[in-house]
> 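Here it is, the structure, as structure tokens.
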Amino acid sequence: MILLAMVVRDEADIIGLNLEHHLAAGVDRVVVLDNGSTDGTADILDAYVRTGVVEVTRDDPADFQLAVALDALVRDAAARLRPEWIAAPDADEFLVAPGGDLRAALAAHGADRVLRCERDNMIGSLEALEEAGWQQALVHLCTRALLPPGGHADPAVPLALPWFAFRLPPKVIFRPQGLRGLAAGSHAVALDPAAEPAPTAIRMRHFPMRSAAEFLRSVRRYAAILSPDLPGRPQPSGKYRRWRAMLAQGAPESAVLAEALPDAAALAKGLADGGYLAAGAGIDWPRLAASAASRHGGPLLRSTNPQVCDH
């Protein structure tokens, strides 16, 4: 059994696409923790629950901590379902295997126990994001493979690239035998005995923005609920601390957007000089949308209060 574990909140515009993609690729079961969705996500998930391929737990505690919740979800599912492989993508992350066959790609790994799954930020211009929509706009990769600069939580530290053009840390796909727990979300796993991650041809495509308005709502949401004035609460990653500080200092929202994705001119320049690559997402969005709509009896809804996971 190939198992996915996922924590979601208000992902109505993408969760059906994600589930259809992974089920078609060879995933057998998905366990989901719904952290208080109010946008129709729960109704979409219910359609998959009725077919027996998805299990959903709903929980919205005041002190919710994503990494802790994901670890508990994975350990419970591993103990009950005893899958051969577990992956824990976010709702905006899609595992892409050679030939679209995740089962065959995992079978090729023989005795490997942990796989290092590289992630690709799919990017596009801000203009295309608004004009064509994220599925058509986010079809480019950055070839520079740069990490964000040290101290980037401080807005005074300049960024050499738009944020989503920086390299992402990989996540893991693993066999759960001897599982002690996830570490750093799903970026690492503790097994007994320990195992070093092996490289894999499977990649994770990450679609970090679905609209400018939703992205800005997510930034404001982190600014509100992960305030440094609330002791004991987890703090967001450096990018959200940076953008929170920018807004607190009076920067316009357009300045935050400009740090996230390139504009059309910058993207065109990067494509010309090799800094960006028009790669395509490798995902058949219309087919997935049609399949999801058929399963739950209506078109995908547009999220109105998205959870942007803190990578």
Side-chain angles (χ1 to χ4, degrees), residues 1-8 11 14-32 48 51 53-54 70 74 77-78 81-123 134-135 138-143 145 167-177 179 182 185-189 191 195-208 277-292 295 309 311:
M1 176 191 292
I2 302 172
L3 174 77
L4 290 193
M6 196 179 302
V7 178
V8 304
E11 306 282 7
I14 200 169
I15 188 62
L17 299 173
N18 186 298
L19 294 174
E20 293 294 336
H21 170 80
H22 287 112
L23 292 170
V27 167
D28 299 290
R29 187 74 61 87
V30 185
V31 292
V32 178
Y48 293 89
T51 66
V53 294
V54 174
L70 181 60
V74 166
L81 301 174
R82 299 188 179 279
E84 183 178 4
W85 291 99
I86 297 178
D90 297 333
D92 58 4
E93 293 176 330
F94 291 65
L95 292 166
V96 176
D101 191 338
L102 184 61
R103 189 179 305 278
L106 290 172
H109 279 282
D112 291 331
R113 298 171 60 217
V114 183
L115 308 180
R116 183 177 67 251
C117 186
E118 300 292 343
R119 296 191 295 159
D120 302 309
N121 262 334
M122 303 305 299
I123 61 176
W134 64 274
Q135 295 167 12
L138 303 183
V139 293
H140 300 88
L141 299 174
C142 183
T143 63
R167 190 174 78 205
L168 282 169
K171 289 191 172 183
V172 292
I173 304 171
F174 59 93
R175 299 181 191 270
Q177 290 76 18
L179 175 64
L182 292 181
S186 56
H187 297 287
V189 62
L191 300 177
E196 287 297 317
T200 180
I202 302 165
R203 300 191 72 90
M204 194 175 283
R205 299 291 206 192
H206 177 224
F207 299 87
L277 172 68
I283 297 173
D284 186 346
W285 298 117
R287 179 183 62 80
L288 296 181
S291 182
R295 192 185 297 262
C309 291
H311 304 282

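Sequential numbering from 1 along the given sequence is applied to the chain's residues. Keep in mind that this is a model prediction, so the values were computed, not measured.
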> May I ask you to test the Val31-Leu81 pair for a side-chain heavy-atom distance under 4.5 Å?
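Yes - at least one pair of side-chain heavy atoms lies under 4.5 Å apart.
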> To the nearest 0.5 Å, how far apart are CG in Leu277 and CG in Asp120?
10.0 Å
> Considering non-hydrogen atoms only, spot the tightest contact between Pro98 and Ala201 and give its length.
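Smallest heavy-atom distance, with atoms named: CG-CB, 3.7 Å.
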> Once side-chain hydrogen bond (donor to acceptor under 3.5 Å, both in side chains) is applied, do any residues pair with Asn121, and if so which ones, sequence neighbours excluded?
His206
> Which value, rounded to the nearest 0.5 Å, describes the distance between Ile86 atom CD1 and Met1 atom CE?
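Between atom CD1 of Ile86 and atom CE of Met1 there are 10.0 Å.
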> Within this structure, what is the CZ-CG distance for the pair Arg203 and Leu141, rounded to the nearest 0.5 Å?
8.0 Å
> Write down the atom of Ala5, the atom of Leu70, and the distance for their closest heavy-atom approach.
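Shortest heavy-atom separation between Ala5 and Leu70 comes out as O-CD1, 4.2 Å.
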> Taking all atoms of both residues into account, what is the closest heavy-atom pair of Cys117 and Ile202, and its distance?
SG-O, 3.5 Å
> If I take atom CG from residue Asp92 and atom CE from residue Met204, how far apart are they, to the nearest 0.5 angstrom?
10.0 Å
> Working to the nearest 0.5 Å, report the span between CZ of Arg205 and CE of Met122.
4.5 Å
> For the atom pair CG (Leu3) and CH2 (Trp85), what is the distance rounded to the nearest 0.5 Å?
13.0 Å
> Is there a donor-acceptor pair under 3.5 Å between the side chain of His22 and the backbone N or O of Asn18?
yes
> Apply the test side-chain contact (heavy atoms from CB on, under 4.5 Å) to residues Lys171 and His187: give CA-CA distance (whole Å), side-chain angles for both, the deciding distance (0.1 Å), then the verdict.
CA-CA 4 Å; Lys171 289 191 172 183; His187 297 287; 3.7 Å; yes
> Can you give each donor-acceptor pair under 3.5 Å made by side-chain atoms of residues 280-292, sequence neighbours left out, with the distance rounded to 0.1 Å?
residue : atom : partner : partner atom : Å
Asp284  : OD1  : Arg287  : N            : 3.2
Ser291  : OG   : Glu20   : OE1          : 2.7

> Hey, does Tyr48 have a side-chain heavy atom less than 4.5 Å from the side chain of Leu23?
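Yes; the side chains approach each other to less than 4.5 Å.
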> Give the minimum heavy-atom separation between Leu191 and Ala195, together with the two atoms involved.
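Shortest heavy-atom contact: CD1-CB, 4.3 Å.
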> Identify the two heavy atoms, one from Glu11 and one from Val8, that lie closest to each other, and give their separation to 0.1 Å.
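That closest heavy-atom pairing would be CG-CB, 3.9 Å.
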> Check for a donor-acceptor pair, side chain of His21 on one end and backbone N or O of Leu95 on the other, with a separation under 3.5 Å.
yes
> Is the closest side-chain heavy-atom distance between Leu17 and Phe207 below 4.5 Å?
no
> Which pairs of donor and acceptor atoms, one on a side chain in residues 100-113, lie under 3.5 Å apart (sequence neighbours left out)?
residue : atom : partner : partner atom : Å
Asp101  : OD1  : Arg103  : N            : 3.2
Asp101  : OD1  : Ala104  : N            : 3.0
Arg103  : NH2  : Gly26   : O            : 2.7
Arg103  : NH2  : Asp28   : OD1          : 2.9
Arg103  : NH2  : Asp28   : OD2          : 3.3
His109  : ND1  : Asp112  : OD2          : 3.0
His109  : NE2  : Thr200  : OG1          : 2.9
Arg113  : NH1  : Pro193  : O            : 2.8
Arg113  : NH2  : Pro193  : O            : 2.9

